[in-house]
Asks: 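Structure provided below as structure tokens; questions to follow.
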Amino acid sequence: MIRDTQGRWLRNLRVSVTDRCNLRCAYCMPEEEYKWLPRDEILHFEEIDRLVDIFITLGVDKVRLTGGEPLLRRDLPRLIRLLAAKPALRDLAITSNGVLLADQAQSLKDAGLHRVTVSLDTLRPDRFRQLTRRETHAEVLEGLAAVGRAGFTDTKIDTVAMRGVNDDELADLIEYGRKVNAEVRFIEYMDVGGATRWSMDKVVSRREILDRLTERYGLITPVVETSTAPADRYRLPDGTVFGIIASTTAPFCADCDRSRLTADGLWYLCLYAQQGTDLRQPLRAGASDDELRALITGGWEARRDRGAEDRLVVRGRSPLLQVERLKRDPHLEMHTRGG
Ligand code: SAM
């Protein structure tokens, strides 16, 4: 187990398995064309497996597969089988946009995946089309239904709440989550990665989400729990639980135990970090496990990042990065870093 300069443990690893995505969400991938990571630089499953083993020896016990859209990665259940065989991983989850889930939910379950989170920002097909520039809303809903049928529990729906886009659907999404047996988590719109059209006035804050839902449902009570999970959880009078990830107005850097591995093996210690550590190069150059462990340990023990908190004090806040900068370094993109 290792701690950074702020006493935060290394526990949680998000592994991006591809930078490609089959949606073009306005807040994440507003451009139509992107420069993709070179194919020969994408980590093989065996390479990911080896790195995860090393991370486990340093304290990681939660892995989340993400992307891009992770279900676009060919033969993903094979990777899941490798990871699910590690008893030290007490949580093995995936974050998906759901488009391909109807076909894949059962094979993901059979491979040993523990949990699924589906990103879904709207229940309205026309809005979905506008927001994602794709026509696959029905597939996402079918995907969510398939997750339940495959026997997954503890399913989550992640919704980025945006003013003037979907902020009139908060209660509808909670009702929908109840129907499909999934807990909804509202994420505050973040000024990170490809969010080049972000502005503070589009952020629907945790305070506002709670006020709106109180108006609709009556008294909302916080769920008391100790966890480093990013979501604060709340209970409606009828017992329904939902979460809010207040990453923009009340960041949780103090408890952040997350780091991120891109599909080509760069390791980032913060969603806002501009630089990562290249693990692929030493891995492919024949570094031993001990050498890779030393590299990771050194990186984590020097970690000072509090990226979201640093943004809080910026006056006249605008998007972190402009499109030209993103084009020069695709590793700065949310779809490369895994969100
Ligand atoms: N394609 C998968 C999906 O849609 O869940 C995984 C990758 S996606 C980058 C991971 C998460 O990041 C999604 O829930 C997405 O909504 C969220 N996300 C992307 N850009 C965001 C932003 N600017 N603010 C808040 N959340 C964002």
Side-chain angles (χ1 to χ4, degrees), residues 14-31 34 63-73 76 93-101 104 108 115-122 128 131-134 136-137 139-140 143-144 147 155-163 165-167 173 182-200 202-206 209 230-231 243-252 258 260-263 268 271-272 307-308 311 317-321 323 326 330-339:
R14 301 177 68 103
V15 179
S16 171
V17 292
T18 178
D19 56 330
R20 289 167 190 259
C21 193
N22 44 1
L23 298 182
R24 286 291 176 276
C25 299
Y27 56 86
C28 186
M29 299 184 76
E31 315 302 316
Y34 286 91
V63 166
R64 178 172 291 275
L65 301 178
T66 175
E69 171 48 35
L71 299 187
L72 288 175
R73 179 79 188 248
L76 189 68
I94 197 168
T95 296
S96 164
N97 61 30
V99 173
L100 299 171
L101 257 179
Q104 298 194 29
L108 297 173
R115 296 190 303 121
V116 178
T117 297
V118 176
S119 303
L120 175 64
D121 301 318
T122 177
F128 182 89
L131 193 60
T132 69
R133 285 172 291 154
R134 296 293 183 271
T136 45
H137 190 246
E139 281 89 328
V140 179
L144 259 161
V147 168
T155 302
K156 305 271 194 311
I157 293 175
D158 277 3
T159 301
V160 182
M162 289 162 287
R163 191 176 318 285
V165 176
N166 62 351
D167 53 334
L173 282 155
E183 187 174 308
V184 175
R185 302 189 306 177
F186 298 110
I187 308 175
E188 288 181 353
Y189 187 11
M190 297 173 73
D191 54 347
V192 78
T196 49
R197 296 168 188 179
W198 180 93
S199 61
M200 195 66 206
K202 293 193 191 128
V203 177
V204 186
S205 69
R206 173 172 63 188
I209 293 170
I244 301 179
I245 302 179
S247 18
T248 300
T249 67
F252 33 87
R258 262 165 295 277
R260 296 172 161 81
L261 187 66
T262 62
Y268 285 89
L271 198 48
Y272 286 85
R311 297 291 293 160
R317 200 165 157 180
S318 61
L320 179 70
L321 300 161
V323 71
L326 291 162
H331 288 98
L332 298 170
E333 296 275 9
M334 193 80 147
H335 67 266
T336 308
R337 212 167 273 198

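Counting starts at 1 for both ligands and their atoms, following the listed order.
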Asks: Would you say the side-chain atoms of Tyr34 and Asp19 include a donor-acceptor pair closer than 3.5 Å?
Replies: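 The answer is no; no qualifying pair exists.
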Asks: Could you tell me which non-hydrogen atom of Pro230 sits nearest to which non-hydrogen atom of Arg258, and how far apart they are?
Replies: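 Residues Pro230 and Arg258, closest heavy atoms: CD-NH1, 3.5 Å.
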Asks: Can you say whether the rings of Trp198 and Tyr189 are parallel (under 30°), tilted (30 to 60°) or perpendicular (over 60°)?
Replies: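 Plane angle over 60°, so perpendicular.
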Asks: For a side-chain contact (heavy atoms from CB on, under 4.5 Å) with Ile94, tell me which candidate from Val63, Leu71, Thr66 qualifies.
Replies: Leu71
Asks: Which atom pair, heavy atoms only, marks the closest approach of Arg163 to Val203?
Replies: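 Result for this residue pair: NH2-O, 2.9 Å.
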Asks: Looking at Asn97, Val118, Leu101, which one forms a side-chain contact (heavy atoms from CB on, under 4.5 Å) with Val140?
Replies: Val118
Asks: Report each N/O pair between ligand 1 and the protein that falls under 3.5 Å, naming both atoms.
Replies:
from	atom 1	to	atom 2	distance (Å)
ligand 1	1 (N)	Gly68	O	2.8
ligand 1	1 (N)	Glu69	OE1	3.1
ligand 1	4 (O)	Ser119	OG	3.4
ligand 1	5 (O)	Ser119	OG	2.5
ligand 1	14 (O)	Ser119	OG	2.7
ligand 1	16 (O)	Tyr27	OH	3.1
ligand 1	23 (N)	Tyr27	O	3.3
ligand 1	23 (N)	Met190	O	3.0
ligand 1	24 (N)	Met190	N	2.9

